[in-house]
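Worksheet: the structure to be examined is printed underneath.
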Amino acid sequence: MIFWIIVGLVAALSYAVQFVEGWGEVLIPPNAVHSVGRLRMAHSSVMIFGVVVNAFLGALSAACSPPDRGEASGRGAGFLGFWILQFALLGGVLGVLYGEARAIPFFELPVWANGFLLAGWLFAMGSVIGAADSREDEYVRGVFPWAAVAFLSGLGILAGESAVQFLALPQDFAIRWIVAFQSGLFHLLLIPLGLGATQYIMRYRLPHGVWNRWWQGLLALLMAGSGVLAGREFFELEPLPPALTLPSFVLSSIYFGLLLLLTAGFALALRNAMEERLEPPPWMSRSMIWFTAGWAALAVYGVQRFTILLGPDFVTSVQFTDWVVGHHHLILMLGLGAWSFGLLDELWPELRRCERWRMPLLADLHLILTLGGGWAMVMSLFVAGWAQSGLARAMAPWSEVVGQSGPFWMVRLVSGSAIALGQVFLLLNIIATRDRTLPELRKPRSETPVDPDDLTRDLLDAESEGLLR
Amino acid sequence: MNALGKLLFLLLVFLLQAGIALLLWDGDTRRLERTRAVVRSEAVLRDILFWEKPTRVLPDDPMAPLEFFDLIERDYPAAFARHFDIPTTEGLAGVYVEARDLGRSVYVREGCFHCHTTHVRPDTADVDRWGPPSRLRPVDVRRAGVPLLGLRRVGPDLANEAGRRSNDWQAAHLFRPQSILKGSVMPGYPWLFEQVDGRTEPTREGLALIVFLQSLEGGAP
């Protein structure tokens with residue numbers, strides 16, 4: 001994940017620099033591999049498959065493994081799945097840079113990568129099923145349904161991609177398939193992954209009631225349904241037919257109400273979970289900020305989706321402007337990205353048997369730079385979109401439309417640099433926290449609550465370190 | 001006091017609704033303003049946008065734009081003959097389709113569709129600026145490739161690019177956009193050109209991309 005973050009950000013900054021008055025040409029002469037279009041495709045593929053998918057697969061794998069980190073079924077499948085996915089992505093990105101791209105936004109990887117991604121996905125799925133099978137307890141039963149829904153949706157997306165590529169479908173049907181079907185499946189893939197991951201972090205201690213899996217399932221389904229309709233409306237050729245207007249409005253109204261309810265429920269649940277885990281409970285821990293920020297992004301995203309379905313005027317205003325790019329960054333970077341970092345924030349010190357990060361200040365700076373830079377970037381893209389839309393509709397000369405976008409692109413470059421700096425801090429902290437020889441950072445065993453799972457883990461650790469003689 | 005509160009609440013809701021209605025309203029007045037703006041702006045006049053472009057029927061199936069014949073007969077005959085096999089007039093249709101499809105793959109490969117759309121949405125202000133609305137065709141994806149709608153417009157829409165500019169303009173613009181349009185943010189594509197006898201000429205892929213751009217009418221093929 002960290003490797004791909006660095007690769008993705010280097011690609012993004014390289015093409016952002018080229019946008020601002022051709023600065024890129026000063027640093028590196030124009031060449032095919034370094035061109036804006038190819039770097040742009042490499043960036044989105046890396047961020048989706050390399051960062052978000054890896055983060056969630058890693059988290060699910062850890063979540064469903066036995067608590068003693070011992071042998072679990074499906075480890076071989078997990079190993080294979082991991083390396084197939086990484087090599088397919090690496091090969092795919094190199095393929096894009098050397099001119100093998102295809103034209104579906106966000107799935108620009110070469111056609112041959114599809115089969116490998118599908119295989120890697122299946123192996124990863126097998127490993128999580130195997131791991132969960134080795135650990136039959138209530139906690140896994142809470143996380144696993146989400147993993148299953150997410151895996152099946154991912155399978156649907158990859159299979160759909162292959163179908164569009166290899167079957168002799170007509171173009172007009174293919175675009176409807178890509179836009180509507182995948183928009184729906186994406187929600188069924190990503191939202192359950194996020195929900196499963198947050199449950200894992202909170203150790204399945206979240207109180208039932210508002211925050212239970214049936215409500216969450218309903219939310220995910222409604223999101224998928226409204227995703228299909230909004231995707232169709234937004235990218236489609238014509239406004240929704242009248243027969244679909246009312247259902248889409250009703251569906252997104254219910255979805256919107258549920259989202260607000262669940263966001264409030266989530267905040268309360270986080271608070272309760274923290275009270276159970278820590279004494280005294282922090283007013284707001286760093287991982288809570290990450291997860292709350294992710295939910296806030298999801299809420300803003302939901303409001304936008306609702307607005308899309310309100311009227312075709314909004315759609316036609318923002319369509320084909322920077323607003324679209326802001327919309328994608330909002331959900332992928334500030335929603336799913338924040339959840340991924342929240343997972344990492346909780347998981348990494350624990351996996352290294354440390355009580356906390358080696359350098360908490362760097363962890364704080366990582367949070368501030370990523371969220372601050374992320375929101376600045378997304379807002380600049382939204383405002384740029386509105387400005388472009390207004391100027392285009394007023395029939396301003398195109399040079400003026402592009403010229404007026406310049407300051408927003410500069411904000412994006414600066415905020416992107418801030419995000420990149422944040423990731424450098426994260427990398428440094430990861431390397432530092434990995435150092436297990438620092439005795440002061442070892443988890444104080446005496447303060448660990450007596451829990452059969454933790455006891456087993458400690459015993460196994462002690463055995464492996466030769467302390468039990 | 002309670003009644004006053006309810007009244008204020010209703011007023012607020014009414015104002016909110018009126019605001020939304022005003023925002024969404026797209027009546028005749030705004031249409032008129034838009035038409036006037038078209039005349040004031042540098043956009044191509046509507047008559048030209050909707051002008052039916054001249055084509056020549058090739059011996060086989062497709063209708064090629066006149067720019068294709070300019071390209072092979074006047075602009076870059078030597079380069080075209082070097083890179084494409086044109087045995088007889090009978091084979092011209094095949095060469096046109098070959099060049100256009102190769103150009104499409106170059107367009108995809110270079111990620112052009114990230115900054116240029118090839119889709120004019122019907123019943124919107126897009127039509128005034130970019131010309132006739134696009135329609136997706138029920139053609140085979142395996143033969144024609146996945147559809148190219150585009151994502152956003154950093155550069156202009158290219159759905160009706162055919163015949164708007166000459167082949168020379170396209171070539172110079174692809175080589176170095178800033179030499180044609182001062183302040184353009186589009187990157188140059190010098191790797192689509194080669195030096196032949198002291199002249200800079202498009203490569204096979206460069207020629208194909210120009211043919212593809214000159215074939216865009218009503219959306220991407």
Side-chain angles (χ1 to χ4, degrees), chain A residues 18-19 21-22 24-25 30-32 35-41 99-105 108 164-175 178 235 237-239 310-314 316 319-325 385 388 392-399 401-403 405-406 409, chain B residues 20 23-26 33-34 37-38 40-43 106-115 117 119 121-126 128-129 133-157 178 181-191:
Chain A
Q18 293 184 58
F19 262 133
E21 302 292 334
E25 290 186 20
N31 64 77
S35 68
V36 170
R38 296 188 191 188
L39 284 173
R40 161 69 185 72
M41 291 189 276
E100 270 191 71
R102 61 189 160 125
I104 304 175
E108 296 99 345
V164 169
Q165 291 288 339
F166 295 111
L167 300 179
L169 298 172
Q171 263 190 352
D172 53 347
F173 174 79
I175 192 67
I178 291 166
F235 287 102
L237 335 170
E238 287 152 28
L310 265 180
D313 209 48
F314 176 84
T316 52
Q319 193 178 37
F320 297 144
T321 67
D322 274 353
W323 187 94
V324 180
V325 188
Q388 289 159 1
R393 281 154 72 93
M395 300 303 282
W398 192 253
S399 54
V401 178
V402 177
S405 307
W409 293 340
Chain B
I20 291 171
L23 205 70
L24 299 180
W25 179 62
D26 192 12
E33 282 171 6
R34 215 159 60 198
V38 173
R40 280 200 308 273
S41 81
E42 292 168 12
V106 175
Y107 186 87
V108 169
R109 183 186 84 186
E110 301 300 342
C112 306
F113 63 98
H114 277 296
C115 289
T117 53
H119 188 79
R121 192 171 165 135
D123 305 325
T124 62
D126 274 9
D128 291 332
R129 182 184 281 275
S134 309
R135 301 272 171 203
L136 279 173
R137 289 151 247 188
V139 291
D140 181 352
V141 165
R142 216 167 33 183
R143 188 174 60 79
V146 286
L148 294 171
L149 291 187
L151 200 65
R152 62 167 168 166
R153 293 180 182 131
V154 176
D157 184 273
Q178 292 73 21
L181 298 169
K182 192 170 175 290
S184 168
V185 293
M186 181 171 145
Y189 293 86
W191 52 92

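Convention: sequence-line order gives letters A, B, ...; per-chain numbering from 1. This is a predicted model, so every value here is computed, not measured. Both backbone and side-chain heavy atoms feed into the values below; hydrogens, waters and symmetry mates do not.
Here the CZ-OG distance, from B/R153 to A/S405, works out to 13.0 Å after rounding to the nearest 0.5 Å. A/Q388 CD to B/R152 CZ: the interatomic distance, rounded to the nearest 0.5 Å, is 7.5 Å. Taking CD from A/Q319 and CG from B/D126, the interatomic distance works out to 7.0 Å, rounded to the nearest 0.5 Å. With rounding to the nearest 0.5 Å, the separation of CD in B/E110 from CE in A/M41 is 7.5 Å.
Ranked by non-hydrogen atom pairs under 4.5 Å with chain A, the options B/W191, B/Y107, B/Y189 are led by B/W191. Interface summary for chain A: among B/C112, B/S184, B/P190, B/G111, the most heavy-atom pairs under 4.5 angstrom belong to B/G111. Contacts with chain B were tallied for A/A101, A/A32, A/G99; A/A32 has the most, counting heavy-atom pairs under 4.5 Å.
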Exercise for review: Output, in order, the C-alpha distance, side-chain angles, deciding distance and verdict of side chain to side chain contact (heavy atoms under 4.5 Å, CB included) for A/W409 and B/V185.
Suggested key: CA-CA 11 Å; A/W409 293 340; B/V185 293; 4.0 Å; yes
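The pair A/E100-B/R109 fails the salt-bridge criterion, with no side-chain N (NZ, NE, NH1 or NH2) lying under 4.0 Å from an Asp/Glu carboxylate O.
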